[in-house]
Amino acid sequence: MRTVVVSDVHANLAALEAVLRHAEEGGAVDGVWCAGDIVGYGPEPGGVIELLRRRGVVAVAGNHDRAACGLMGVEEFNPSAAEAALWTRDQLRTEERDFLASLPLTRVEGGFTLVHGSLRSPVWEYLLSAEQADAHFALQATPYGLIGHSHLPFWVEERPGRGPEFFAAGDGTRVELGDARLIFNPGGAGQPRDGDPRAPYAVYDDGEETVTWHRAEYDIAATQQKMRAAGLDAWLIERLAIGK
Ligand code: ZN
């Protein structure tokens, strides 16, 4: 079975469609997992929710999802993120809000624990240091973890006695699952921040026991045009073209 693994789709429907198309070119796709931030920043929150639900997504909530459905305020967001969150809240139909409100903070699927930020702070912590990875691993009851939030594609390997080690993941990077405990970040599909504007995602193949990262090209200008038409913040529009 091949499972498409995404995070931080951020209402970027063109990016999500490109990811699914790209993944299907590599073989049948049996499921979709999302590590949160389905909405926020982008122009098509309802379209992204609909497509993910149609694909039977297994998802956890991100900070933007909780703000968009009213479970959390926007006081801790920066000004452009807050503005986008309030815009998103206005766009959503009741059943779309209910779907976001129903998302758990953590979820176990097979050998993976899904959480948006970290197990210590599920929607807020950017897991980027060895200390943070240690704290997360201490709470991770499964061999593997799936996170998002930083919008960076990488994985962390737990090295007993040596501390966790971080590895950046590029297009085609493949990790074989074995004895080591691991944390995966597929990257921010709808708003990459590693300098590559193509939409990042990963495929978990439970037959091969591998996780492989990919990048999908999509029509960035089309998403930017929809954001402009919606009156969304200029920097949120610009950053899509540079992947920052
Ligand atoms: Zn995000």
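All residue numbers in this chain count up from 1 along the given sequence. Counting convention: from 1, in listed order, for ligands and their atoms alike. Not measured: the values here are computed from a predicted model.
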Can you see whether H151 engages Q191 through a side-chain donor-acceptor pair at a distance of less than 3.5 angstrom?
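Distance-only check passes for H151 and Q191.
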Answer yes if the side chains of Y41 and N12 hold a donor-acceptor pair under 3.5 Å, and no otherwise.
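On atom types as modelled, these side chains do not qualify, holding no pair under 3.5 Å.
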Among the N, O or S atoms of H10, which one sits nearest to the Zn ion (ligand 1)?
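Answer by atom name: NE2.
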Looking at D8, pick out the N, O or S atom nearest to the Zn ion (ligand 1) and give its name.
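Minimum-distance N/O/S atom of D8 relative to the Zn ion (ligand 1) is OD1.
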Side chain to side chain contact (heavy atoms under 4.5 Å, CB included) with P43: which of L13, I237, T223?
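Exactly one candidate clears the test, T223.
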Pick one: which of D194, T173, L128 meets side chain to side chain contact (heavy atoms under 4.5 Å, CB included) with F154?
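Between F154 and the candidates, side chain to side chain contact (heavy atoms under 4.5 Å, CB included) is satisfied uniquely by L128.
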Please find out if the Zn ion (ligand 1) and some N, O or S atom of H149 are separated by less than 2.8 Å.
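No, since none of the N, O or S atoms of H149 sits under 2.8 Å from the Zn ion (ligand 1).
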Below 2.8 Å, can you find an N, O or S atom of H64 next to the Zn ion (ligand 1)?
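Here the distance criterion (N, O or S atom, under 2.8 Å) is not met by H64, so no.
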State, with a plain yes or no, whether a side-chain heavy atom of D8 is found less than 4.5 Å away from one of H116.
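Yes. Closest side-chain heavy atoms under 4.5 Å.
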Tell me the angle that OD2 of D37 and NE2 of H151 form around the Zn ion (ligand 1), rounded to 10°.
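Approximately 180° at the metal, rounded to tens of degrees.
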